[in-house]
Protein chains: 2
Amino acid sequence: MDNNKIISSAVIRRLPRYYRYLGELMEGGIQRISSNELSTKMKVTASQIRQDLNNFGGFGQQGYGYNVKSLYDEIGKILGIDHTHNMIIIGAGNLGQAIINYKDFEKRGFIIKGVFDNDMKLEGKTISGVLVRMTDKMTEFIMENNIEIVALTIPKKCAREIGKIVADAGVKAIWNFAHTDLNLPDDVIVENVHLSESLMRLSYTIANKSK
Amino acid sequence: MDNNKIISSAVIRRLPRYYRYLGELMEGGIQRISSNELSTKMKVTASQIRQDLNNFGGFGQQGYGYNVKSLYDEIGKILGIDHTHNMIIIGAGNLGQAIINYKDFEKRGFIIKGVFDNDMKLEGKTISGVLVRMTDKMTEFIMENNIEIVALTIPKKCAREIGKIVADAGVKAIWNFAHTDLNLPDDVIVENVHLSESLMRLSYTIANKSK
DNA sequence: TAGATTGTTAATCGATTAACAATC
DNA sequence: TAGATTGTTAATCGATTAACAATC
């Protein structure tokens, strides 16, 4: 595998879905699968699956197909979920709570080390076992606990400011749920989850589907 | 405008973002903008903006640029948010509550008519003014209240079953937050929000960013 | 070995960018 | 009118699909 090769974001976008399907095959006790069978299940072309995987190496075997477990593990490694990531949530509202309560993230190695909010009434409380801290302790906490990822589940109006603070504190990536772009330096990774945009795309499709 | 022309999903994906930037310009009192100025703000090419918009008609004026308010309105129409959509939430957990509490959806015309859950303890309670009903009343409610959109904020294991029920009840679109594909007939629109996939893409970027 | 299926190259298709004539 | 900026065509770039030789 050529570590310097740049993989297109179209490929990366599909990897987690492969990972999910392979996980389900494993749960179903399936040990091998061909690109053709997988393509039928996933409603993509077999060609695309083989092209995508071969960006990272030859994981299959001619005449046999792919070993489900080992392909699953390989994709896990590629996605960087073969090791843990320390994470905090900023914003203890429903969305922040939803992320904390969804235990699968933790299973995948995303360890939630704390929740931050500026509502004094929440100080010292716990949400699903995670302690709520006040926002002014954030920078110190990030540096002392080796926090890599921040989930920003706060309103748009304060998102940029907080984004800048956590970027300065040295986090590697921000998972941004605020309905705005953060405009941070390029060395900070930002993965946006813009729910309002998702809902508008859905609305577009309702308005324009042909039949 | 040619109503039969099929617009690529790459274009549709960008429209809500244009809409958001135009909204912010309006709030800032800006009345006109050129594709070039907008391209700088949004970090895309001016060419792309002009190409994208011209899929739907010539909204600009040579030598002048685009009128912010009227372009905003036009994109709103294209996205189908110039009129209301009745919506229900299935799953009264944190994620469902987050959607109900986020008042901007309602402002954009997505009217939340009810929340459904199978937890008997919640029956008759309200979440931010929206009544929680039991899942067995769902089909009847959808048909009687002209529900177009269902937000599925329930665990993966029951998502497919519920998806099928609401599709049969006649909803046009499902906003799917469950970590699975729904595999419904093509006439039901499904917009997926797979948070775990988003987080894995973020993880990939952490593992593979060059500098 | 024969059959199956990958890995990979070539062909096609689509999306983005560049360029510029049209026009306000 | 002159300058600015669109709308639109052409050129480029990238992603997907098809095809098939390599090989298990």
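On a predicted model such as this, the values are computed, not experimentally measured, just so you know. Below, chain A is the first sequence line, B the second, and so on; all start at residue 1.
- Note on A/R13: nothing from the nucleic acid sits closer than 4.0 angstrom, heavy atoms only.
- Counted by atom type alone, B/T205 and A/K172 present zero donor-acceptor pairs between their side chains at under 3.5 Å.
- Straight-line distance from the CG atom of B/L53 to the C1' atom of C/dT16: 15 Å, rounded to whole Å.
- Checked against the 6.0 Å centroid criterion, the rings of A/Y18 and A/Y72 do not qualify as a close aromatic pair.
- Along DNA chain D, the nucleotide closest to B/N54 and the one closest to A/Y64 are compared, and the more 5′ of them pairs with B/N54.
- Atoms CD1 (B/I7) and P (C/dA15) sit 11 Å apart, rounded to a whole Å.
- In this structure, A/Q48 atom CD and C/dG7 atom P are separated by 16 Å, rounded to whole Å.
- Between A/D52 atom CG and C/dT6 atom P the separation is 14 Å, expressed in whole Å.
- For D/dT17, the base has a donor-acceptor partner in the side chain of A/Q51 [N/O atoms by modelled type, under 3.5 angstrom].
- The side chain of A/R50 contributes an N or O atom lying less than 4.0 Å from OP1 or OP2 of C/dT6.
- Checked against the 6.0 Å centroid threshold, B/W175 and B/F105 count as a close aromatic pair.
- Between the P atom of D/dG7 and the CZ atom of B/F56 lies a distance of 14 Å, rounded to the nearest Å.
- Nucleotide C/dT12 has D/dA15 as its partner under the Watson-Crick or G-U criteria, with both atom distances under 3.5 Å.
- Rounding to whole angstrom units, CD1 of residue A/I6 and C1' of D/dG14 are separated by 13 Å.
- Judged by the 6.0 Å distance and 45° axis criteria, B/R32 is not positioned over the aromatic ring of B/Y66.
- Distance, A/L15 CG to D/dA15 P: 14 Å, rounded to whole Å.
- A/R32 has no side-chain polar atom (N or O) that falls below the 4.0 Å cut-off from OP1 or OP2 of C/dT6.
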Item to complete: Could you walk me through whether B/E24 and B/K41 pass the side chain to side chain contact (heavy atoms under 4.5 Å, CB included) test, one step at a time?
Response: CA-CA 11 Å; B/E24 283 171 12; B/K41 280 188 196 293; over 6 Å; no

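- In terms of phosphate contacts, A/T45 brings a side-chain nitrogen or oxygen within less than 4.0 Å of OP1 or OP2 of D/dT17.
- OP1 and OP2 of D/dT5 both lie 4.0 Å or more from every side-chain N or O belonging to B/S35.
- For B/H194 and B/F177, the distance between ring centers is not under 6.0 angstrom.
- In this structure, A/Y66 reaches the C/dG7 phosphate: one of its side-chain N or O atoms is under 4.0 Å from OP1 or OP2.
- In the set C/dT16, D/dC24, D/dT16, the nucleotide with an atom closest to the side chain of A/Q61 is D/dC24.
- Nearest nucleotide to the side chain of B/Q62, out of D/dT5, C/dT6, C/dT16: D/dT5.
- For A/S47 against D/dA18, a side-chain N or O and a base N or O form a donor-acceptor pair under 3.5 Å.
- Figure legend. C/dT6 is base-paired to D/dA21; pairs are counted as Watson-Crick or G-U wobble with both atom distances under 3.5 Å.
- Across the protein-nucleic acid pair, A/N36 atom CG and C/dT6 atom P stand 8 Å apart, rounded to whole Å.
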